[in-house]
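Worksheet for the structure shown next.
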There are 2 protein chains.
Amino acid sequence: MVLVANDSSHWRAFDDNEVSHSVAHYLMAIDSLRTSNGYARVTDVAGHLNISRGAASLALSQLKERGLVKEDPNRFLLLTEEGERLARSIEHNFVLLHRFFEDVLGVPAETAREDACKMEHLLSPESSEGLLRFLQALLSKDKLTKALIAEMNGDETICTQSGRCPLCEPVGECLSLTPIDAPAPHETRKRKRSAV
Amino acid sequence: MVLVANDSSHWRAFDDNEVSHSVAHYLMAIDSLRTSNGYARVTDVAGHLNISRGAASLALSQLKERGLVKEDPNRFLLLTEEGERLARSIEHNFVLLHRFFEDVLGVPAETAREDACKMEHLLSPESSEGLLRFLQALLSKDKLTKALIAEMNGDETICTQSGRCPLCEPVGECLSLTPIDAPAPHETRKRKRSAV
DNA sequence: TCCATTTGTTAACTAAGCATAACATCTGTT
DNA sequence: AACAGATGTTATGCTTAGTTAACAAATGGA
């Protein structure tokens, strides 16, 4: 499998994302608490995320320094404009992913929710935009959608052992085969090494 | 936005994933190096991932303890059966996600690669299976696919300000609006607090 | 065989993110 | 006004995952 992008050193882009998974949830917690309760305090955020007040206090201080969170005159927590923008964008991505997994892929609701929760903060604006347009196009064509999803959930495997289908061919191997197929005996270059 | 699942404490499932992002790449590095070079050593993995030999050495020791990596009689690195299974599954997910983003959503290749790289290890088996079937069904219907993707890339916005489309209605708000819409004035409960 | 280089390991440090627990400071009731 | 309880902060420690730098050991050429 050569197409897979292991060969770069860009894999660490994962870490220098604009917001980490936990930051995403701090922001959404404030948004959610203010919507449901009208206000958000450190304790509320901690309770909402099921973490200690100490952890919440420290994290929220950093978010204030980063300019994503501030306090109102009564010292309740608020999102800044930037924080608000981020929170909304992540919530937006969550909805898109969740609906894609559940409604289109037919994944069980709880699993769809978990997957969406894990990926919501990682989706690029381009993919988010694409997914929105895709879902709109797909869901606006009722018959077409149903035909497609029915076919998908049918029993016929489109790609047989022959490995000839539009999905597999560009990859060079059949993606329908379970990921654990042949162990591929590699050539071992001889090199002297004592056993420890 | 009430449907968003902030209200649980399950959000930390992100951390106790079977494999972390970095573990995923250690496994794939070994797989990739053995395929291209025939062998993999600590130094090779470090070079491949662009990290220090020290970091690679420590991480690989832990992976040996976890039973995902072992050594051959000449002390070259190998994946165990379990490590192989995980690596293949992650590579599999990468291909599916990458093709979905690039070919279906029309996201630029490099962005599609980055997004797939960030999410490959987070996709549940259910979503992975669903995505496979979906791509197969979609790509097996050429005309249908083209119509759909053309529509998606067209200029018409399906959901107007009225907020009536099959995508937005169950959510209760229009997903086409930019995530930064109205700041939604929350009611602030009065509570005495001195200003510091 | 000797020795320089490469390779692998280990120690000490950083940073993010959590936990506990002690302490400080509000809040509101009596 | 005083005190109990709720709330916020700070100190210490853990884990993961990286860094440098020092050291140990294996490799292979002269």
A/D44 atom CG is separated from D/dG8 atom C1', nearest whole Å, by 12 Å

Atom OH of A/Y39 and atom P of D/dA6 are separated, to the nearest Å, by 14 Å

- Is any side-chain heavy atom of B/L78 closer than 4.5 Å to a side-chain heavy atom of B/R34? yes

From CG of A/L33 across to P of D/dT7 the rounded distance in Å is 13 Å

Rounded to whole Å, CZ of A/R66 lies from C1' of C/dG17 at a distance of 13 Å

Value for CG (B/L86) from CG (B/L27), rounded to nearest 0.5 Å, stands at 6.0 Å

Checklist entry - Between B/T43 and C/dT6, is there a side-chain N or O to OP1/OP2 distance below 4.0 Å? => result no

N/O contacts under 3.5 Å, protein versus nucleotides 14-17 of chain D?
from	atom 1	to	atom 2	distance (Å)
D/dA17	OP1	B/S20	OG	2.8

Between CG of A/N74 and P of D/dG8 the distance, given in whole Å, is 13 Å

- Message: Between A/R85 and A/E81, does any side-chain N to carboxylate O distance fall below 4.0 Å?
- Response: no

Checking B/S124 against B/S127: is there a side-chain donor and acceptor pair closer than 3.5 Å?
yes

Of D/dT7, C/dG8, D/dT9, the nucleotide closest to the side chain of A/S57 is D/dT9

* If we ignore angles and hydrogens, is there a donor and acceptor under 3.5 Å between the side chains of A/E114 and A/H98? -> no

Side-chain atoms of B/R75 come closest, of D/dT9, C/dT9, C/dT7, to C/dT9

Atom CG of A/L63 and atom P of C/dC18 are separated, to the nearest Å, by 10 Å

A/L60 CG to D/dT9 P, in whole Å, measures 9 Å

Rounded to whole Å, the CG-P distance (A/N17 to C/dA16) equals 15 Å

Checklist line | Within-4.5 Å side-chain heavy-atom neighbours: A/E120 and A/M28 | finding: yes

For B/L33 and B/A40, the nearest pair of non-hydrogen atoms, with its separation, is CB-CB, 3.9 Å

Would you tabulate the pairs of protein nitrogen or oxygen atoms and nucleotide nitrogen or oxygen atoms of nucleotides 19-23 of chain D closer than 3.5 angstrom?
from	atom 1	to	atom 2	distance (Å)
D/dT19	OP1	A/R12	NH2	3.2
D/dT19	OP2	B/S52	N	2.8
D/dT19	OP2	B/S52	OG	3.0

Closest non-hydrogen atoms of A/N17 and B/K118, given as atom of the first, atom of the second and distance, are ND2-NZ, 3.4 Å

Notebook entry, point to check: Has the side chain of B/N74 got a donor or acceptor atom that lies under 3.5 Å from a matching backbone atom of B/F76?
Noted result: no

